[in-house]
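Let me begin by presenting the structure, written as structure tokens, before commenting on it.
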Protein chains: 2
Amino acid sequence: MINPVTNSLAERCRQKGLRITGPRRVILRVLDRAKDHPDVEELHRRVSAIEPGINIATVYRTMNILAEHGLIERHSFSDGRARYEAVPEEHHDHFINVETGQVIEFRSDEIERIQQEIAHQYGFDIVSHRLEIYVRPTQKNKK
Amino acid sequence: MINPVTNSLAERCRQKGLRITGPRRVILRVLDRAKDHPDVEELHRRVSAIEPGINIATVYRTMNILAEHGLIERHSFSDGRARYEAVPEEHHDHFINVETGQVIEFRSDEIERIQQEIAHQYGFDIVSHRLEIYVRPTQKNKK
DNA sequence: ATACATGCAAAAATTTTGCTACCGT
DNA sequence: ACGGTAGCAAAATTTTTGCATGTAT
């Protein structure tokens, strides 16, 4: 009963010995608060709204550093650009609604378990995984 | 017992009403034969080896058209560039060996089934999905 | 014949990098 | 003080596009 919910990214950066600078603090805050999966441009927009003058190159560099340290996850989904989210306390997967583009998180212990099983059959240990399910709303209650 | 193994991409293009031009024929052949997941540059290299003079813009355009028609799949894996494969007769997922970068295909009906189940619980029909498991060889028989 | 496809070069979009100055530890 | 970091601009990379010409159907 020690951890409240999640350590903030800033805390986790500190634990890794990364410096918490002004720009970085803002970027980390934006990532902590994001409930979606913004790309670099969107991150930069949000960062700039909090504190103007932070260069987009800094956002790119920070994303690379955070990803190297395993503090954020990089996604691609259907679109081209890279999109990011803070590494969640508990792993989850994603539904992507193809009609709206909306991303919905979900988790299934059964899927997690079976993946382990299959990987072991192939002689592998899982490092990480990524499951994206592209969906549309069930058509039964249509007009 | 009508289909031999798989219809060639060229055949499937024809069925969709896409024109089979010279450059396109070569690109489709390369895709048909590829057992890996080449990016545009690599595709262009292979295409050029068969027939020089085909512009990389044509490869890009063709990939976009084929993807729109659902004839190829676009991946991202860990790296930046988009990578492609002809849509397989039967869907499969991927292991990515993080130590070597090698991509291994696999399939689990159980995983397929559970995904359906979960999607339905959320009120969705599955359009497609993508599962990538990043792995490393099991460590038990180490030196 | 006509709509679609290609080549080429230019442009757009995305990401990285060199360099100097700055700031966190 | 030291070494990582930021800003800025330039460069590198990846992808798209306008346009004139060519070609499959």
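All heavy atoms count here, side chains included; hydrogens, waters and symmetry mates do not. Since the structure is predicted, the reported quantities are computational estimates derived from the model, not experimental observations. Reminder, nothing fancy here: chain letters follow the sequence lines and each chain counts from 1.
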(request) Give the angle between the helix axes at the two ends of the helix from C:dA1-D:dT25 to C:dT25-D:dA1, taking five base pairs at each end and rounding to 10°. (result) 50°
(request) Kindly say whether A:Tyr134 contributes a backbone atom to a donor-acceptor pair with the side chain of B:Ser128 at under 3.5 angstrom? (result) no
(message) Run the side chain to side chain contact (heavy atoms under 4.5 Å, CB included) test against A:Arg14 and tell me which residues pass, sequence neighbours left out.
(response) A:Ala10, A:Glu11, A:Ile20
(request) Grab the CD1-C1' distance between A:Ile65 and D:dA6 for me, whole Å please. (result) 11 Å
(message) I want to check something: taking the side chain as every heavy atom from C-beta on, are A:Glu73 and A:Pro88 in contact at a cut-off of under 4.5 Å?
(response) yes
(message) Restricting to non-hydrogen atoms, name the atom on B:Ile118 and the atom on A:Ser108 that form the minimum distance, rounded to 0.1 Å.
(response) CD1-CB, 3.1 Å
(request) In whole angstrom, give the distance that lies between atom CZ of A:Arg14 and atom P of D:dG4. (result) 18 Å
(message) I'd like to know if the side chain of A:Ser76 and the backbone of B:Ser76 have a donor-acceptor N/O pair within less than 3.5 Å.
(response) no
(request) Name all residues meeting the side chain to side chain donor-acceptor pair (under 3.5 Å) criterion together with A:His92; count only those two or more places apart in sequence or in a different chain, and write none if there are none. (result) A:Glu85, A:His94, A:Glu105
(message) Tell me the interatomic distance from A:Leu66, atom CG, to D:dT5, atom C1', rounded to whole angstroms.
(response) 13 Å
(request) Using heavy atoms to find the nearest nucleotide of DNA chain D for B:Leu18 and A:Thr62 separately, return the residue whose nucleotide is more 5′. (result) A:Thr62
Expected rows: protein N/O vs nucleotides 16-23 of chain D N/O, under 3.5 Å:
residue: D:dT16; atom: OP2; partner: B:Asn64; partner atom: ND2; Å: 3.0
residue: D:dG18; atom: O6; partner: B:Arg61; partner atom: NH1; Å: 3.2

(message) List the residues meeting side chain to side chain contact (heavy atoms under 4.5 Å, CB included) with A:Glu90, not counting sequence neighbours, and say none if there are none.
(response) A:Arg107
(request) Quick one: list whatever passes side chain to side chain donor-acceptor pair (under 3.5 Å) with B:Glu41, sequence neighbours left out. (result) none
Atom pairs under 3.5 Å, N or O on each side, protein against nucleotides 10-13 of chain D: can you list them with distances?
none

(message) Using a strict heavy-atom distance below 4.0 Å, which residues from residues 46-54 of chain A are in contact with DNA chain C?
(response) none
(request) Looking only at non-hydrogen atoms, find the nearest pair between A:Cys13 and A:Leu66 and report the distance. (result) SG-CD2, 3.7 Å
(message) Quick check against the 3.5 Å criterion: does A:Arg74 have a side-chain atom that pairs as donor or acceptor with the backbone of A:Ala82?
(response) no
(message) Tell me every residue that passes side chain to side chain contact (heavy atoms under 4.5 Å, CB included) with B:His120, counting only those two or more places apart in sequence or in another chain.
(response) B:Gln116, B:Asp125
(request) Could you name each residue pair satisfying salt bridge (Lys or Arg N to Asp or Glu O under 4.0 Å) that touches residues 28-37 of chain A, not counting sequence neighbours? (result) A:Asp36-A:Arg46
(message) Give the residues of residues 25-36 of chain B touching DNA chain C, defined as any heavy atom closer than 4.0 Å, sorted by residue number.
(response) none
(message) Check whether B:Arg83 reaches the backbone of B:His75 with its side chain - one donor and one acceptor, N or O, closer than 3.5 Å.
(response) no
(request) Whole angstrom is fine here: how far is it from CE in A:Met63 over to P in C:dT15? (result) 12 Å
Listing, residues 50-62 of chain B side-chain donor-acceptor contacts under 3.5 Å, not counting sequence neighbours, or none:
residue: B:Asn55; atom: OD1; partner: B:Ala57; partner atom: N; Å: 2.8
residue: B:Thr62; atom: OG1; partner: B:Thr58; partner atom: O; Å: 2.6

(message) Just the rounded figure in Å: distance from C1' of D:dA6 to NE2 of A:His44.
(response) 12 Å
(message) Rounded to whole Å, please give me the gap between CZ in B:Arg45 and P in D:dT14.
(response) 11 Å
(request) Identify the two heavy atoms, one from A:Leu71 and one from A:Leu9, that lie closest to each other, and give their separation to 0.1 Å. (result) O-CD2, 3.5 Å
(request) For residues A:Phe95 and A:Val135, report the shortest heavy-atom separation together with the two atoms involved. (result) CD2-CG1, 3.7 Å
(message) Looking at D:dC8, I'd like to know if its phosphate oxygens (OP1 or OP2) sit under 4.0 Å from a side-chain N or O belonging to A:Asn55.
(response) yes
(request) Round to the nearest Å and state the distance from B:Arg24 atom CZ to C:dA3 atom C1'. (result) 12 Å
